[in-house]
2 protein chains.
Amino acid sequence: MRIVCLAGGIGGARFLRGLRAAAPDAHVTVIGNTGDDITLFGLRVCPDLDTVMYTLGGGIDEEQGWGRAKETYVVKEELAAYGMQPQWFGLGDRDFATHIIRTQMLNAGYPLSQVTEALCDRWRPGVRLIPMTDDPVETHVVIEDERGRRAIHFQEWWVRLRASVPAERIVLVGADEARPAPGVLEAVAEADAVILPPSNPVVSIGTILQIPGIRDAVAAKTVVGVSPIIGGAPVRGMADACLAAIGVETSAQAVLAHYGADLIDGWLVAEEDADVRLPGVRVVARPLIMHDVSAAAEIAGAALSLARELM
Amino acid sequence: MRIVCLAGGIGGARFLRGLRAAAPDAHVTVIGNTGDDITLFGLRVCPDLDTVMYTLGGGIDEEQGWGRAKETYVVKEELAAYGMQPQWFGLGDRDFATHIIRTQMLNAGYPLSQVTEALCDRWRPGVRLIPMTDDPVETHVVIEDERGRRAIHFQEWWVRLRASVPAERIVLVGADEARPAPGVLEAVAEADAVILPPSNPVVSIGTILQIPGIRDAVAAKTVVGVSPIIGGAPVRGMADACLAAIGVETSAQAVLAHYGADLIDGWLVAEEDADVRLPGVRVVARPLIMHDVSAAAEIAGAALSLARELM
């Protein structure tokens, strides 16, 4: 079975680990979000790609869900001692090595998709990981605070401000000119099903779907989504703050309606959301909390079963 | 008193620390060697500038004489886990921060001299540290081994091969087109004396003197040199391997003759080399081993006294 997943960071990565356990023989291609990518200290950081790579490769900090296990922060402390900004983004020493290699390869002219493949040579994530695009895109958030209305990088809003200032708008700068990375549309075309893990529907999956050509290609396939909202609250993270910015209620029903029946064929919700309905979509209720790998595998297995029914 | 020193790495830096102790009120400008600079993993590394900066700024690893005190090597280990080459150059995590900042500033268009000034804002070395040039130069070493005759970067010869393969030639690539960095010739012109610390006469001081305009400017001043050779052996390092490459004997006499009486006015030698003579040069013998800061201060004080006599 050939499966394509669109994935953001922590939630997507944990779901993927479950999927790999539930369907060890499946050929899985992951299309990773790059809208959160940021250049810090001259180094290119791809938080979502790295979270997927580290999680599936066994290098993740299990507790926090991002960054490397057994991480140290000497470089970051030294940069701070030099007075370098920003200091609000947590880059560990092990993680720095990844960004140093990525930046060296990007500067040498390799596209991000090839860089990601080279990094995965070490991590062997057991899936094919492709960035949604090799082109420069960046998620910006329009906020209004004491300094007035302005657009800031998603990471500044998410990490520095902890999404405490309401987002008026969330914009993927560069989306119009971006093209799917090599292999993205091919993988979708060859897929038996596309699964949307419980990643952020706005700044992760929503971002991937904004790259011209991806949404149409995905919508043409059997698509099963796993609701990132359980009983009116995000499973994790601050998806509610992102949904508010696009005028979508924080509910499994509203997120499904936002994705639309043209995109989604099957929708996996938590048991408390079993009453969710949308014409043209088969809704199935299951426990959706990913306590551990086996819980994630149960959820992934349910998504796969639903996809098989709908194929 | 205004003093200019030409300096390489460890020997120069330790001498400078002594000079600062011997003449705390002197205005010292250090012209640093950049021929050893190397780009590793896309980051620009300036070993000699950093050794001076860390030593005078109190951040040096005292035992090894280069790199940062209390250093860790997590980034280097991670780069190796990715299979990145080279692995023979010892870059520590604290040190990486310096190279990350330098590279970011260089890529933003700042010349190395301004980058060095910015880094020194943190270290406050108590001297003005200027790279010999902002232009790209690189010391290459011509060797012949089982792979034939070829030129390799100085660091590969020095660090990886430990100078075990004879150098046939040592070439400063880019020297002809290089210009002294802003402030270099001005500092020399305004100096009461120029001191050559016991740095490597070939790949440190010799390199600096190869930048067009610097040797002539220095030769016009009162110049006192401290012999890097004591009783036929380098005080430290592998200066003999470099001297052999340029056909100069490893002796205080031969190094003085190589510098020449047109350049040198006073020559400080160790007591066992008291018989060194060159017409036009005043030779003074003193203990020259820099056991510690106070020994270095004694030597620097002797160099200063000799300079004052000759001014």
Side-chain angles (χ1 to χ4, degrees), chain A residues 38-45 50 53-54 57-61 67-87 89 91-110 114-125, chain B residues 38-45 50 53-54 57-61 67-87 89 91-110 114-125:
Chain A
I38 187 168
T39 299
L40 296 168
F41 315 112
L43 301 174
R44 193 66 180 162
V45 180
D50 288 350
M53 184 172 79
Y54 294 157
I60 200 77
D61 179 320
R68 294 287 311 279
K70 297 178 192 155
E71 188 56 290
T72 55
Y73 292 88
V74 174
V75 175
K76 179 174 160 44
E77 284 162 22
E78 281 295 319
L79 291 170
Y82 273 110
M84 294 294 284
Q85 298 293 342
Q87 294 174 11
F89 199 90
L91 289 176
D93 298 327
R94 292 179 196 278
D95 205 23
F96 259 112
T98 302
H99 311 318
I100 288 170
I101 295 169
R102 175 184 293 124
T103 304
Q104 185 181 13
M105 290 189 69
L106 289 172
N107 288 345
Y110 291 94
Q114 285 185 34
V115 174
T116 304
E117 201 179 331
L119 293 170
C120 284
D121 267 355
R122 171 184 176 194
W123 292 103
R124 309 204 169 275
Chain B
I38 187 167
T39 300
L40 296 167
F41 315 111
L43 301 173
R44 193 66 181 161
V45 179
D50 288 350
M53 186 172 79
Y54 294 158
I60 199 78
D61 180 320
R68 294 288 311 280
K70 296 177 191 157
E71 188 57 289
T72 55
Y73 292 88
V74 174
V75 176
K76 179 174 160 46
E77 284 161 23
E78 281 295 319
L79 291 170
Y82 274 109
M84 294 293 284
Q85 299 291 344
Q87 294 174 13
F89 199 90
L91 289 176
D93 298 326
R94 292 178 196 279
D95 205 23
F96 258 113
T98 301
H99 311 318
I100 288 169
I101 296 171
R102 174 184 293 122
T103 304
Q104 186 181 14
M105 289 189 70
L106 288 172
N107 288 346
Y110 291 94
Q114 285 184 35
V115 173
T116 304
E117 202 179 330
L119 293 170
C120 284
D121 267 355
R122 171 183 176 195
W123 291 102
R124 308 203 169 277

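Convention: sequence-line order gives letters A, B, ...; per-chain numbering from 1.
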Exercise. Checking A:Ala81 against chain B: side chain, backbone, both or neither under 4.5 Å from a heavy atom?
Worked result: both

For this session: Measure distances from B:Ala108 to the heavy atoms of chain A and classify the residue's part below 4.5 Å as side chain, backbone, both or neither.
Result: neither

Problem set entry | Nearest atoms (heavy-atom pairs only) where A:Glu78 meets B:Ala97 | CB-CB, 3.3 Å

For this session: Name the region of B:Thr98, side chain, backbone, both or neither, that has any atom closer than 4.5 Å to a heavy atom of chain A.
Result: both

For this session: Side-chain contact test, heavy atoms from C-beta onward, threshold under 4.5 Å: evaluate it for B:Arg122 versus A:Met84 and give yes or no.
Result: no

Exercise. Looking at B:Asn107, B:Asp95, B:Asp93, which has the largest count of heavy-atom pairs under 4.5 Å with chain A?
Worked result: B:Asp93

Seminar exercise, completed: Highest number of heavy-atom pairs under 4.5 Å with chain A among B:Thr72, B:Thr103, B:Asp121, B:Val75 belongs to B:Val75

For this session: Determine the minimum heavy-atom distance between A:Met53 and B:Tyr82, stating which atoms define it.
Result: CE-OH, 3.8 Å

Problem set entry | A:Glu77 bridged to B:Arg94 by N-O distance under 4.0 Å | no

Problem set entry | Heavy-atom check, side chain of A:Ile100 versus side chain of B:Phe96, under 4.5 Å | yes

Exercise. Counting heavy atoms not belonging to A:Glu117, are there more than 12 under 6.0 Å from its CD?
Worked result: no

Problem set entry | CZ/A:Phe89: more than 12 non-hydrogen atoms of other groups inside 6.0 Å | yes

For this session: Below 4.5 Å from any heavy atom of chain A, which atoms of B:Leu119 appear? Answer side chain, backbone, both or neither.
Result: both

